[in-house]
2 protein chains.
Amino acid sequence: MTLAFSEHDHKYCRASILRQVEDICQKQGLRLTDMRKRVLEMLLKNHTALGAYDLLAQLGREGEAVQPPTVYRALAFLTENGFAHKVERLNAYVACHFPDKVHNPGFLICRCCKAVGETCVVKSPLADQGFDIENEIMEAEGVCENCGLDN
Amino acid sequence: MTLAFSEHDHKYCRASILRQVEDICQKQGLRLTDMRKRVLEMLLKNHTALGAYDLLAQLGREGEAVQPPTVYRALAFLTENGFAHKVERLNAYVACHFPDKVHNPGFLICRCCKAVGETCVVKSPLADQGFDIENEIMEAEGVCENCGLDN
DNA sequence: TCTCACTTGTTATATTATAACATATCATAT
DNA sequence: ATATGATATGTTATAATATAACAAGTGAGA
């Protein structure tokens, strides 16, 4: 059962991940600038994925007239440092649930409630003698436990 | 070792897959129209993924002034029926290597030669009690055997 | 305080994909 | 063989996602 689909104190969840990211940035001399932090906080709001233009619009609503490159740069920083991931099937982004672990993310995407659960994939099912895998994504779509009960 | 990275008689490989698709269409009453077949043949040319606009341009070069929806419709037919897959990380499309098997595709993408190998993933590493997985993709990037030897 | 690296602003445009409606084609029933 | 309805394609326009290129601002250490 992944975090996104289980009841939990999300306020704490959010704060805890943000704290972890801040710590890592501190330690590694990475600059979690205001813009980067705001984008991360938006992604942490809930367990759904947000598109770059959703983020853009939200910043707009908050009074920041920001252009696409600004958002994409923040996302680039977050994804390159493992603080967020792109969900390729959705062309959208999520905050990483395990910012302190180097890992390949595996996503469970609920097509009902749109929540996205993340798991750390440790052993690649694609491992193939001869092919040197550098990184890997897994994205499953389906119906989460909560939505499955509802029908 | 997947097909795409091993030496093989690609002329035969191509023809064999096309034949399989034709048979399946025959049996299932699916119409492999000229446009659909041409797009599939282009995807079968080699083991790299092609973008929709690559296909469009190639059709253009062959004298067919075709618009995007035409290509996307052909791709929709091919992917919906399991004759091709979209490689999400590349926003590009490949012919399926196993058109006769219902499966979730796993891709090995070589960042050197751009070849894409396909495997049938049978057991999901994301399987999670409670979440009902309907379909799943896996895409690994790295260096294939042939390119790894070259450096 | 200078300087250099890094970050963000700004403008323009590239790339990927789809909506909506018109026309053509095909399979089959008559 | 032809009318009919379903399926496929043509056509125009536009949406959605992403990046290039250059200017300006900011911050940490020399």
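Just so we're clear, the structure is a prediction, and the values are computed from it rather than from any experiment.
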*Let me know the distance between CG of A:L55 and P of D:dT17, rounded to the nearest Å.*
11 Å
*Is there a path of hydrophobic side-chain contacts, each under 4.5 Å between heavy atoms of I, L, V, M, F, W or Y residues, that connects A:I137 with A:V87?*
no
*Can you find a side chain N or O atom of A:R36 that sits less than 4.0 Å from OP1 or OP2 on C:dT8?*
yes
*Using whole Å, report how far CG of A:L90 lies from P of D:dA18.*
11 Å
Between side-chain atoms of residues 49-56 of chain B and protein atoms elsewhere (two or more places apart, or another chain), which donor-acceptor pairs fall under 3.5 Å?
residue : atom : partner : partner atom : Å
B:D54   : OD2  : B:G51   : N            : 2.9

*Starting at atom CZ of A:R31, determine the distance to atom C1' of D:dG25, rounded to an integer number of angstrom.*
11 Å
N/O contacts under 3.5 Å, protein versus nucleotides 17-19 of chain C?
residue : atom : partner : partner atom : Å
C:dA17  : OP1  : B:K86   : NZ           : 2.3
C:dA17  : OP2  : B:Y72   : OH           : 3.1
C:dA17  : OP2  : B:Y93   : OH           : 3.2
C:dA17  : O5'  : B:Y72   : OH           : 3.4
C:dA17  : N7   : B:Y53   : OH           : 2.6
C:dA17  : N6   : B:Y53   : OH           : 3.2

_Protein-nucleotide distance (A:R38, atom CZ; C:dT7, atom P), rounded to Å_ = 18 Å
*State whether B:T33 places a side-chain N or O below 4.0 Å from either non-bridging phosphate oxygen (OP1 or OP2) of C:dC26.*
no
*Rounded to the Å, how far apart are A:R89 CZ and C:dT16 C1'?*
18 Å
*asked:* For the aromatic rings, using the six-membered ring if either is Trp, is the centroid distance between B:H103 and B:H97 under 6.0 Å?
replied: no
*asked:* Quiz question: by atom type and distance under 3.5 Å, do the side chains of B:R36 and B:N81 form a donor-acceptor pair?
replied: no
*Verify, without hydrogens or angle tests, whether B:H10 (side chain) and B:A4 (backbone) share a donor-acceptor contact under 3.5 angstrom.*
no
Could you go through residues 59-78 of chain B and list every donor-acceptor pair under 3.5 Å that involves a side-chain atom there, pairing it with any protein atom two or more places apart or in another chain?
residue : atom : partner : partner atom : Å
B:E62   : OE1  : B:R38   : NH2          : 2.6
B:E64   : OE2  : B:R38   : NH1          : 2.4

*From CD1 (A:I109) to CD (A:E139), nearest 0.5 Å*: 5.0 Å
*Counting heavy atoms from C-beta on, name the nucleotide in D:dA8, D:dT12, C:dT7 closest to the side chain of B:Q67.*
D:dT12
*Expressed in angstrom and rounded to an integer, what is the separation of B:L59 atom CG from D:dT9 atom P?*
12 Å
*Nearest-Å distance, CD (A:E80) to P (C:dC6)?*
13 Å
*asked:* Nearest whole Å is fine: how far is D:dG27 P from A:L30 CG?
replied: 17 Å
*Please check the phosphate of D:dT9 (OP1 and OP2 only) for any side-chain N or O of B:T70 closer than 4.0 Å.*
no
